[in-house]
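In what follows, chains are A, B, ... by sequence order, proteins preceding strands, each numbered from 1. Bear in mind the structure is a predicted one, so any value in this text is a computation, not a measurement.
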There are 2 protein chains.
Amino acid sequence: MSDTVTLTVTGMTCQHCVAAVREALQAVEGVQEAEVSLADNRATVKGQADPAALIAALQESGYTATLS
Amino acid sequence: MSDTVTLTVTGMTCQHCVAAVREALQAVEGVQEAEVSLADNRATVKGQADPAALIAALQESGYTATLS
């Protein structure tokens with residue numbers, strides 16, 4: 001059983017940002033996998049994580065995220 | 001005795017890029033100190049490094065640099 005959360009992420013400008021966002025998401029409890037697209041401003045997170053925790057983790061890293 | 005080389009660097013979009021550029025410059029032989037400005041697209045390098053080696057190091061990291 002696996003849930004997927006898709007986030008719209010703003011503030012990413014380069015592949016360094018993509019890596020930072022991916023690492024921030026992967027550090028959240030329950031995350032199994034995080035895929036991040038710079039072109040689409042999107043992060044797709046698989047696992048049982050709390051969406052609010054995902055958004056908070058990105059805010060702490062300097063990015064704005066909303067559920068999409 | 002210390003030389004200073006100033007480079008115009010294009011391709012930096014965020015503070016992650018600034019850090020990557022600084023690290024790439026600091027890894028070049030002869031570099032004592034590297035300061036990087038995102039706002040000015042500029043890197044100031046102190047030491048006895050070969051300017052061509054500095055430019056090559058940045059190209060390998062995905063940035064374009066010219067002597068300014």
Peer 1: If you group Ile, Leu, Val, Met, Phe, Trp and Tyr by side-chain heavy-atom gaps below 4.5 Å, do A:L38 and A:L54 land in one group?
Peer 2: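 As far as the 4.5 Å side-chain criterion goes, A:L54 and A:L38 are connected within one cluster.
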Peer 1: Could you tell me which portion of B:A20 (side chain, backbone, both or neither) has an atom closer than 4.5 angstrom to a non-hydrogen atom of chain A?
Peer 2: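 Just its side chain gets close to chain A.
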Peer 1: Hey, quick one: are A:M12 and A:V45 part of the same hydrophobic cluster, counting side-chain heavy atoms closer than 4.5 Å, chains of contacts allowed?
Peer 2: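 Result: yes, single cluster for both.
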Peer 1: Grouping I, L, V, M, F, W and Y whenever their side-chain heavy atoms are under 4.5 Å apart, do B:L67 and B:V31 come out in a common cluster?
Peer 2: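 Yes; tracing contacts between hydrophobic side chains, which count when under 4.5 Å, links both residues.
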Peer 1: Does B:V18 share a hydrophobic cluster with A:V18, counting links as ILVMFWY side-chain heavy atoms below 4.5 Å and allowing steps through other members?
Peer 2: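 No; tracing contacts between hydrophobic side chains, which count when under 4.5 Å, never links both residues.
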Peer 1: Taking atom types as modelled, which donor-acceptor pairs link chain B and chain A at under 3.5 angstrom?
Peer 2:
from	atom 1	to	atom 2	distance (Å)
B:T13	OG1	A:T13	OG1	3.0

